[in-house]
Amino acid sequence: MAKQSFVLLLSLLVSTAALAESDPTAPLGWQVPSVKKTATQRLPSLEGIVCPEQDQCSVILNNQVVLPGEAISGYTLKAVDGEAVILQRGSRQWRLALYNEEIKINESEK
């Protein structure tokens, strides 16, 4: 008797777990759509800009020296000026400034 009760209880637990996995109101043959994970890459960190007198400027991104036209972490360095760079990935562009804050100098004290 105890063995039959245990088997009955076990079969009830298994059947309720199976019901919980499926949606009884869903159309026949319907499956839950899979979620596509998009890989996101972080923008490289701008650490420095070096512009020698006669040469083109080079940039330090993620501890690597990068020249215009070269790529790093899937981003291409498109343009460099003294304070910012333009990175491109696909059709999107990002402007990274060397300094995020504008530094103001108090010139009233002479």
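When a residue number appears, it is its place in the shown sequence, counting from 1. Reckoned from all heavy atoms, side chains included, excluding hydrogens, waters and symmetry mates.
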Exercise. Would you say Leu87 and Thr76 make side-chain contact, with heavy atoms under 4.5 Å?
Worked result: no
Exercise. Is a side-chain donor or acceptor of Asn62 paired with a backbone partner of Gln64 at a separation under 3.5 angstrom?
Worked result: no
Exercise. Rounded to the nearest 0.5 Å, what separation is found between the CD atom of Gln93 and the OH atom of Tyr75?
Worked result: 13.0 Å
Exercise. With the 4.5 Å side-chain cut-off for hydrophobic clustering, are Ile72 and Ile60 part of the same group?
Worked result: no
Problem set entry | Residue pair Ala84 / Ala97: nearest heavy atoms and the distance that separates them | CB-CA, 4.0 Å
Exercise. What distance separates Asp81 CG from Ile86 CD1, expressed to the nearest 0.5 Å?
Worked result: 7.5 Å
For this session: Determine whether Arg89 and Trp94 make a side-chain contact, defined as any pair of heavy atoms from C-beta on separated by less than 4.5 Å.
Result: yes
Exercise. Does some side-chain heavy atom of Leu77 sit less than 4.5 Å from a side-chain heavy atom of Val85?
Worked result: yes
For this session: Kindly indicate whether the side chain of Val59, heavy atoms from C-beta on, has any atom under 4.5 Å from the side chain of Leu46.
Result: yes
For this session: Locate the shortest heavy-atom distance separating Cys57 from Pro68; write the atom from each residue and the value.
Result: O-CD, 3.3 Å
For this session: To the nearest 0.5 Å, tell me how far Glu47 CD sits from Leu61 CG.
Result: 7.5 Å
Problem set entry | Neighbour count above 12 (heavy atom, 6.0 Å) for Gln56 CD | yes
For this session: Using side-chain contact (heavy atoms from CB on, under 4.5 Å) as the criterion, point out the one residue from Val50, Leu67, Ile49 that pairs with Val80.
Result: Ile49
